[in-house]
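Inspection log for the structure reproduced underneath, given as structure tokens.
Numbers restart at 1 for each chain; the letters A, B, ... are given by sequence-line order, proteins then strands. As a basis for the values below, the full set of heavy atoms in this structure was taken, side chains included, without hydrogen atoms, waters or symmetry mates.
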Number of protein chains: 2
Amino acid sequence: MTKAPAKPRALKPVVRQSTAAMIADSVRGALERGDLPPGSQLGEADLAKQLGVSRGPLREGLQRLTQEGLLLSIRNRGLFVIEMTPDRVRDMYVARQAVERAAAEQIHLLDAPEQAGAELMEITDAMTVTAEAEDATGVGEADIAFHDLLVRLAGSTRLSLMHRTLLTETRMGIHALDPTYEGNDSRAAEHRAIAQSFIDHDPATTDRLLQLHMADAVERLVPGDGAPED
Amino acid sequence: MTKAPAKPRALKPVVRQSTAAMIADSVRGALERGDLPPGSQLGEADLAKQLGVSRGPLREGLQRLTQEGLLLSIRNRGLFVIEMTPDRVRDMYVARQAVERAAAEQIHLLDAPEQAGAELMEITDAMTVTAEAEDATGVGEADIAFHDLLVRLAGSTRLSLMHRTLLTETRMGIHALDPTYEGNDSRAAEHRAIAQSFIDHDPATTDRLLQLHMADAVERLVPGDGAPED
DNA sequence: CCGTGTCTGATTGTCAACAATCGATTCTGG
DNA sequence: CCAGAATCGATTGTTGACAATCAGACACGG
């Protein structure tokens, strides 16, 4: 599509997504932004009204998030946002390590992992600019975008699906435990080194750096006697 | 509870599980048994009647399986069982490797990984008996039970949740691609070696053996030019 | 014969009403 | 005063009815 738009009014894409999926995405966004605090109950009537749907489709959408483990359903009591306990956050990082290290391995199996490295490097560059502007939230979001891209570049549907849940939970954890989750120059440097390791075709370094990076992230978010080395 | 039952009619446990969860589990079982072939459409009216529920809760339950990626929802067209293509099965094994290797690492971090090894060894012993009886389905099921226990022993809620989906998909793949997925002595020996590596406190060997074992499983289920080494 | 339009039956999607459940509050009796 | 029972309001869980959509079949015109 190198031409200018032929018409100012493009055809409108038809709705293919189910209402339940749309609702799930919308509520996911609220979870990620911290609009629905951990432990809080989701009232169906109120939420359905806000979203402009009836309770049936809302329940369907929330079943999706329940299955993902982001909501807790208690029969006859209702749906609750999960508590972001330190143990839960640590467990979530265990799962993130599993997924991201596997994704990295798959990228190294591609014909040109250096391309992936270059794409990741662009995010790192943007992260550096953001860090110099002392925009901690921006760095945090770039951090997450880096990991999101990393897994997407692996081209694995399964890993991507699992990772989406884990990134949602990451954002929830940040809001719950450390809203001032800081970004600084060292963050960008770590990411740059990971991206470089793809350019260098060096899977062992990628793996090592990812482990260190994630262990550091956990330690900063949930410090204490739950260190992964225990 | 070392006493004999005080009453012949025990109290009935209250239902804590939501109807949607029960329905999801029931349909999951049907998927795992191959009762619902890949690509087939799930008709709501018929299925609700079979399960003795109305369509509302059925839809809720099926949203769970849809979110897991086991069903495909097409708006206004209905729900379909996913196709078990060779690429999909390979991708699923990528994800399984990620989860199971991470689980193995967590087990090695426990105080007594040799206990885990002993528990896994029991399944291996049962697998050997089953293989000698030339019960291929039994070996296949013991194979899956081994991997299920492996991940459960890691004590990670997240890994276990992800793994449940992957094992469902594994069973679906076996039904679709190779209903005669064979078990024999070499299967038991591979599992025994993995179990032994926990007893030996040897994480590097566990990791290596898991990779080999999974690569072999993929190759047997979807042979050809999609070899993981490509 | 082929392409387009219309109709039909089956299925999905949504809604409002009612049933069921629960926690909090109030009442009652010892 | 305290414990147990009853009540109440809010919320969740389910159902049946109706609306919306789609694929397939059929009719019609060029």
Residues from residues 39-56 of chain B lying under 4.0 Å of DNA chain D - heavy atoms: B:Val53, B:Ser54, B:Arg55, B:Gly56
Strand-adjacent residues in residues 68-79 of chain B, judged by heavy atoms under 4.0 Å from DNA chain D: B:Asn76, B:Arg77
Restricting to side-chain hydrogen bond (donor to acceptor under 3.5 Å, both in side chains), what partner residues turn up for B:Arg55, sequence neighbours left out?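 B:Arg55: side-chain hydrogen bond (donor to acceptor under 3.5 Å, both in side chains) contacts with B:Glu44.
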Sequence neighbours left out, what passes side-chain hydrogen bond (donor to acceptor under 3.5 Å, both in side chains) with A:Gln115? Give chain and number order.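 Once residues adjacent in sequence are excluded, A:Gln115 has no partner under the side-chain hydrogen bond (donor to acceptor under 3.5 Å, both in side chains) criterion.
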Euclidean distance, atom CZ of residue A:Arg59 to atom P of C:dC15 [Å, nearest integer]: 15 Å
What is the distance from CG of A:Leu58 to P of D:dT11, rounded to the nearest Å?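 Spelled out: CG on A:Leu58 to P on D:dT11 is 14 Å.
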Close residues, residues 16-31 of chain B, relative to DNA chain C [heavy-atom separation under 4.0 Å]: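 Here the set is empty: none.
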Can you tell me how far the CZ atom of B:Arg64 sits from the CD atom of B:Glu68, to the nearest 0.5 Å? 9.0 Å
Which residues pass the salt bridge (Lys or Arg N to Asp or Glu O under 4.0 Å) test with [X], sequence neighbours left out?
X	answer
B:Glu119	none
B:Arg164	B:Asp25
B:Asp35	B:Arg33
A:Glu83	none

Applying ring-ring contact (aromatic ring centres under 6.0 Å, His included), can you list everything that pairs with B:His163, at least two apart in sequence or on another chain?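 Testing B:His163 for ring-ring contact (aromatic ring centres under 6.0 Å, His included), a comparison that skips the adjacent residues, returns none.
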Pairing residues for B:His213 by the ring-ring contact (aromatic ring centres under 6.0 Å, His included) criterion, not counting sequence neighbours: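 Expected list: B:His147, B:His191.
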Contacts of B:Glu105 that satisfy side chain to side chain contact (heavy atoms under 4.5 Å, CB included) - sequence neighbours left out: A:Arg101
